[in-house]
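Only a predicted model underlies this, so the values are computations on that prediction, with no experimental measurement involved. Residue numbers begin at 1 in each chain, while the letters A, B, ... track the order of the sequences.
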2 protein chains.
Amino acid sequence: MTCRARPPLTRDSVIAGAIALADAEGIDAVSMRALAARLGVVPMALYKHVGDKEDLLDGMVDQVIDAFSADPEASETAPRPEDWRAAVRTRLLAARATLALHPWARRAIETRVRRTPAVLRHMDALTGLLLAGGLSADLTHHAMHTLGNRIWGFSPELFNDPGALPTSTRSSAPEPEPADYPAIMRVVTDAQQRRPGGSCDEDYEFVFALDLTLDALARLAADGWSSPA
Amino acid sequence: MTCRARPPLTRDSVIAGAIALADAEGIDAVSMRALAARLGVVPMALYKHVGDKEDLLDGMVDQVIDAFSADPEASETAPRPEDWRAAVRTRLLAARATLALHPWARRAIETRVRRTPAVLRHMDALTGLLLAGGLSADLTHHAMHTLGNRIWGFSPELFNDPGALPTSTRSSAPEPEPADYPAIMRVVTDAQQRRPGGSCDEDYEFVFALDLTLDALARLAADGWSSPA
DNA sequence: TTGACGAGGTGTACATCGTACACCTAGGGT
DNA sequence: ACCCTAGGTGTACGATGTACACCTCGTCAA
């Protein structure tokens, strides 16, 4: 009864469909059934192209990361290696820009456990920039760990994810009382008057942390730092 | 047929049971049914004490964090405030030690979206240490963001979670080829010969990143840094 | 003493999810 | 003329979270 000829599915098209679905309706809407329906196919058909749902999710982040990891034109036009800080910065901001288009990707990346090709490619490119900048393999290793999830273009969400508490939460826990947290209150009131009405400026927090880290690493590199015995 | 008198459930006892279950069999084993069975009760009974599963998870991380956030004796014996770096360091290492007892907690914390009382208490304590150390409210704010998930005593997992790939993964994605990632290879071989046989020394990575960050923040504080207009 | 009430535990039932398994079907190579 | 296989189908199962009606006490006011 499928009157319209449908181009055959492929792993990539299935994953692309999942990404589109997640973009449109959120990651929770991505069930095998919903995705199959969207692709005009029966749920089990998907399993001919992805191993299981984990594999699908892996594929989704892989495909998103490809967007800034595949094209060498992104930032890798072999700049002077001594500009490694600028190069890293540029690449991470590109990552951030891409991830901003797929709000679900942040949480998805954090929960992935496999390192897929595009992911590794990005990490390798970043590692390469640091090494080319003259950092020792040793220091580069620690640098990657220190950057942590910042290498994906985001910082961890410290405070409440804005807009992530839609439905009336029905917790039985006591409601937090602002007065009980004086230190926090002091910094939020300061932040509020510095940026009225808004919550944290995530973009600024990201570059602040990134630059702080890169500066600190540069200082270590200049000092010829190396691991303690 | 419940011959043995069972002490009545409470929110805390339910949550404690869930933590014990997670410690014993992993977080995935924590289903409402399994937890109810463990507590000798029917699944729906739990809903008299927790709002829903989200609330249960929230309660679990809250209760774990209480372990290092409640007792003021932990590190807060009013040391000289100029030792704020030491104080922060001590507190975060205490957090790390506690979290090490509950391997599931890392991922659980990352996926929580509500900030519960114990969580806020910890963040408030930390914020207080920074403020007491003389950092401006402004800088303190950015400092908290920069520390990110490090405030819970862990760094994000950069590479594969060791032992988290138990069952034969049945991905359809191409297997990554080490030769394709030369930069990564260079640092892992360096790390391997520096620490034969093992993977990353997470403890060292944690304190490296922490100290790097604290040093950098101290430098900014000493320079009287403040937000750009 | 009685009666209502509410807190806490029960039982049944449902929707949704991932996915195992057997099957069908069309195209291509021998 | 044959079979093989890649790709899509259909049915079915077990697990999960949780809605809803119910029951069963202990407490306390009348």
Taking Met123(A)'s backbone N and O only, do any of them form a donor-acceptor pair with Thr127(A)'s side chain (distance below 3.5 Å, no angle check)?
yes

Hey, can you pull the donor-acceptor pairs under 3.5 Å for the side chains in residues 29-49 of chain B, sequence neighbours left out?
{"from": "Ser31(B)", "atom 1": "OG", "to": "Ala34(B)", "atom 2": "N", "distance (Å)": "3.0"}

Does a side-chain N-to-carboxylate-O contact under 4.0 Å join [X] and [Y]?
X	Y	value
Asp62(B)	Arg112(B)	no
Arg121(A)	Asp66(A)	yes
Glu202(A)	Arg106(A)	yes

Does the protein touch nucleotides 15-27 of chain C at the base, only the backbone, or not at all? Give it as B, S and - per nucleotide, heavy atoms under 4.0 Å.
--BBBBB------

At under 4.0 Å between heavy atoms, how does the protein contact nucleotides 23-28 of chain D? Give one character per nucleotide, 5' to 3', with B, S or -.
------

Measure the distance from [atom1] on [X] to [atom2] on [N] and round it to the nearest whole Å.
X	N	atom1	atom2	answer
Arg11(B)	dG8(C)	CZ	P	13 Å
Leu46(B)	dA7(C)	CG	C1'	15 Å
Leu39(B)	dG8(C)	CG	C1'	14 Å

Under 4.0 Å, counting only non-hydrogen atoms across every strand here, what does Val41(A) touch: a base, just sugar-phosphate, or nothing?
sugar-phosphate

Closest non-hydrogen contact found for Ile65(B) with Ala118(B) is CG2-O, 3.6 Å

Answer yes or no: does a side-chain N or O of His49(B) lie under 4.0 Å from OP1 or OP2 of dA7(C)?
no

A side-chain contact here means heavy atoms from C-beta on lying under 4.5 Å apart; do Asp124(A) and Met185(B) qualify?
no

So Trp152(A) and His122(A), would you call those rings parallel, tilted or perpendicular, with 30° and 60° as cut-offs?
tilted

